[in-house]
Amino acid sequence: MVVTRFAPSPTGYLHIGGLRTALFNWLWARKNNGKFRLRIEDTDLERNKQEAVEAILKAFKWVNLDWDEEVVFQSKRFDVYKKYINDLLKKGLAYKCYLTKEELEIIREAKRKGEEPPIDIRKYRDFKGELDKPYVVRFKTPLTGELCFEDGVKGKQCVKLEEIEDFVILRSDGTPTYNFVVVVDDHEMEISDIIRGDDHLRNTFKQILLYKAFGWDVPKFYHVPMIHNEKGAKLSKRDGAVDVMEYKKEGYLPEALLNFLVRLGWSYGDQEIFSIEEMIKLFDPKDINKAPSRFDKEKLNWLNSHYIKNSPNERLIKLLKEDFEVDIEDHDKKEILIDELKERVKTLKEMAQEIQKILTPPNSYDEKAVKKFINDEVISNLREFLVFLNDKNPKLPPEWHEVMNEFLNLKGIKPKALMPPLRICMVGDTKGIDLSALLSVLGKDEVKKRISKFLANFEVF
RNA sequence: GUCCCCAUCGUCUAGUGGUCUAGGAUACCGCCCUUUCACGGCGGCGACACGGGUUCGAAUCCCGUUGGGGACGCCA
């Protein structure tokens with residue numbers, strides 16, 4: 001059975017890159033009728049935040065990725081890790097190291113300069129006694145030889161074992177470290193396939209060494225390239241939204257985000273649009289690219305507008321209310337409004353702004369537009385149209401269209417002398433949804449009010 | 001600095017030795033549609049990083065150069 005997992009550390013929020021790895025793992029598990037599990041890597045007691053776990057689970061909920069069985073918290077499993085560390089200690093596969101932080105700093109400094117460190121980091125590797133000093137436990141890595149494994153994305157990966165130092169598996173405060181707990185948990189959770197960022201490639205060798213020390217089966221690894229920012233570097237907070245929930249705030253639909261992410265580093269021929277079902281059916285980690293990809297917001301926008309266009313109005317109205325405090329549930333022309341808007345906006349946020357613009361009477365008029373379309377003749381047209389409206393009762397867009405045409409014919413004037421000006425009266429400029437729809441949404445009373453307001457305003461000049 | 005990874009239009013990518021005068025998408029530009037802005041339709045611009053091999057033949061294989069990225073923690 002294919003069992004995959006996503007194992008974030010709770011330091012803040014769900015990262016957009018993390019969501020992609022989670023998605024890959026989730027898809028692979030679902031495709032194989034396997035399991036997708038969640039594990040919180042909170043062994044570093046100092047850096048963890050309780051709210052972060054909540055935030056991560058909330059993000060999962062938003063994008064609608066579910067997981068199997070209960071979430072595993074590493075902080076609750078310290079006893080288990082302790083037991084395995086003692087095993088290694090007993091077997092002589094690990095040892096207590098009494099090097100001080102100062103001594104390690106000297107070693108690290110030398111290494112950074114490319115010099116031979118004055119202190120041997122393996123100083124206590126063969127030390128037999130016990131010291132009454134704080135210690136860490138280090139894993140004994142083989143001194144010579146080569147270690148290779150077949151990566152599902154990058155192919156055969158090898159390292160000279162002399163390059164891998166005796167890494168710490170238990171801190172001096174008695175807590176185990178990442179590389180150790182990952183192996184124990186992945187084994188106990190029976191994880192079969194691990195899809196993760198290629199920044200973990202180096203760790204994989206250490207982890208395989210641990211699997212071998214315990215005599216456990218090594219899972220299949222897939223190292224996927226990082227997502228880069230526009231400049232080609234690792235995606236960070238400074239590049240804008242890296243928190244998944246930011247995208248909800250910005251008005252993105254979760255399926256648009258997932259569709260965007262799944263195509264970053266993975267493809268299926270020329271196909272761009274994937275439903276979740278299609279992703280599950282078509283995804284295979286062996287098709288993941290080796291090269292890193294950049295986060296391109298324009299493409300996300302395009303996908304988002306696609307999904308907005310194809311969403312039922314009901315859903316959009318609900319989201320508008322919940323996420324953007326724009327409540328048009330009781331508006332009698334809400335369907336017309338949404339039908340018009342969903343064709344043209346890229347985000348829900350934009351849609352909310354457009355609705356505000358339409359529903360709130362303008363308190364100023366765009367200078368350029370006024371200059372271009374308003375003159376004495378137009379003013380008198382608007383006055384007469386106001387009167388003309390008195391014994392008309394248009395409701396739907398075609399009816400408004402008809403009324404305007406009637407007026408144009410009656411007066412023998414061009415559309416330009418009425419329509420753009422009308423729009424200026426309504427919203428302050430010449431941009432926006434179809435004029436007939438706009439008038440229909442506002443309703444006759446409001447239309448008259450806004451024309452009057454404009455005329456009053458104009459007479460001040 | 002050491003080690004590792006990567007390299008097709010601006011961006012996401014198709015391509016696995018001949019079907020490539022390199023395909024799609026996005027972005028951009030133009031035209032059409034249109035009272036406006038969008039949407040949509042049509043068209044255009046635009047890439048195999050460079051240099052050597054191998055081969056009858058290379059975007060595809062090998063080597064080097066260059067460029068980019070990552071890892072070098074008692075973080076994960």
Side-chain angles (χ1 to χ4, degrees), chain A residues 7-11 41-44 46-48 74 97 99-101 104-105 107-108 110-115 134-138 151 153-155 157-160 163-165 167-179 181-182 196-203 205 223 225-226 228 230-234 260 263-273 289-303 305 309 340-346 354 369 372-373 401 404 408 414-424 427 429-436 438:
Chain A
S9 61
T11 48
E41 313 237 303
D42 52 355
T43 55
D44 187 353
E46 281 182 25
R47 288 169 40 135
N48 296 324
Q74 295 186 320
C97 166
L99 251 25
T100 63
K101 296 202 169 162
L104 286 169
E105 187 50 44
I107 294 171
R108 202 171 306 132
K111 255 169 64 183
R112 207 173 299 140
K113 285 184 192 158
E115 294 166 3
Y135 64 88
V136 298
V137 174
R138 287 181 187 276
D151 186 89
V153 173
K154 308 218 180 213
Q157 301 293 312
C158 297
V159 73
K160 292 192 201 84
E163 285 169 16
I164 302 206
E165 60 184 40
F167 55 96
V168 174
I169 57 178
L170 188 78
R171 298 187 188 93
S172 52
D173 67 358
T175 60
T177 62
Y178 166 76
N179 277 123
V181 295
V182 162
R196 53 159 47 152
D198 69 1
D199 50 341
H200 281 291
L201 205 58
R202 269 312 173 104
N203 289 327
F205 295 108
H223 287 95
M226 309 266 84
H228 286 172
E230 281 88 345
K231 291 172 215 106
K234 207 174 173 180
F260 173 71
R263 283 285 286 100
L264 237 41
W266 177 83
S267 60
Y268 184 77
D270 286 340
Q271 189 168 341
E272 298 286 350
I273 306 290
N289 285 163
K290 291 179 184 173
S293 43
R294 295 186 193 204
F295 193 95
D296 180 19
K297 201 150 186 193
E298 298 297 342
K299 192 113 179 195
L300 208 210
N301 283 343
W302 172 72
L303 281 163
S305 63
K309 271 180 212 125
E340 281 291 325
L341 251 19
K342 74 200 285 193
E343 289 295 327
R344 52 201 306 127
V345 299
K346 291 186 164 57
E354 288 295 317
K372 186 172 176 193
F373 291 104
H401 192 76
M404 286 190 284
L408 293 179
K414 295 223 152 94
K416 208 180 144 188
L418 177 73
M419 289 172 157
L422 262 181
R423 184 189 292 282
I424 294 171
V427 294
D429 62 34
T430 56
K431 293 173 188 170
I433 61 171
D434 176 75
L435 183 57
S436 304
L438 174 63

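Values below: all heavy atoms of this structure, side chains included; hydrogens, waters and symmetry mates excluded. Chain A is the first sequence line, chain B the second, and so forth, proteins listed ahead of strands; every chain is numbered from 1.
Under the Watson-Crick and G-U wobble criteria, each requiring two contacts below 3.5 Å, nucleotide B/rG18 is paired to B/rC56. Summarising the base pairing, B/rA7 is matched to B/rU66 through a Watson-Crick or G-U wobble pair whose two defining distances lie under 3.5 Å. The partner of B/rA38 is absent, by the rule that a Watson-Crick or G-U pair needs both atom distances under 3.5 Å. Nucleotide B/rG1 is matched to B/rC72 when pairs are restricted to Watson-Crick or G-U wobble geometry with both distances under 3.5 angstrom.
With B/rA76, B/rC6, B/rG73 as the choices, the nucleotide that has an atom nearest any side-chain atom of A/E165 turns out to be B/rG73.
In this model, the phosphate group of B/rU13 is approached by a side-chain N or O of A/S293 to a distance below 4.0 Å at OP1 or OP2. Regarding contacts with the backbone of B/rU36, every side-chain N or O of A/K416 stays at 4.0 angstrom or more from both OP1 and OP2. Phosphate proximity of B/rC74 to A/R108: present, with a side-chain N or O under 4.0 Å from OP1 or OP2. Phosphate proximity of B/rA76 to A/T177: absent, as no side-chain N or O sits under 4.0 Å from OP1 or OP2.
Within the 4.0 angstrom heavy-atom criterion, no nucleotide atom of any strand lies near A/L341.
In this structure a side-chain-to-backbone donor-acceptor pair under 3.5 Å is present from A/D42 to A/Q74.
For the C1' atoms, the distance from B/rG23 to B/rU35 is 40 Å, rounded to whole Å. A distance of about 23 Å separates the P atoms of B/rU16 and B/rU11, rounded to the whole Å.
When the side chain to side chain donor-acceptor pair (under 3.5 Å) test is applied to A/N179, no partner is found at least two apart in sequence or on another chain.
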Requested in this report: Quick one, give me the B/S/- string for nucleotides 21-30 of chain B, reading 5' to 3', where B means a protein heavy atom under 4.0 Å from the base and S means that only happens at the primed atoms, P, OP1 or OP2.
Outcome: --BBBSS---
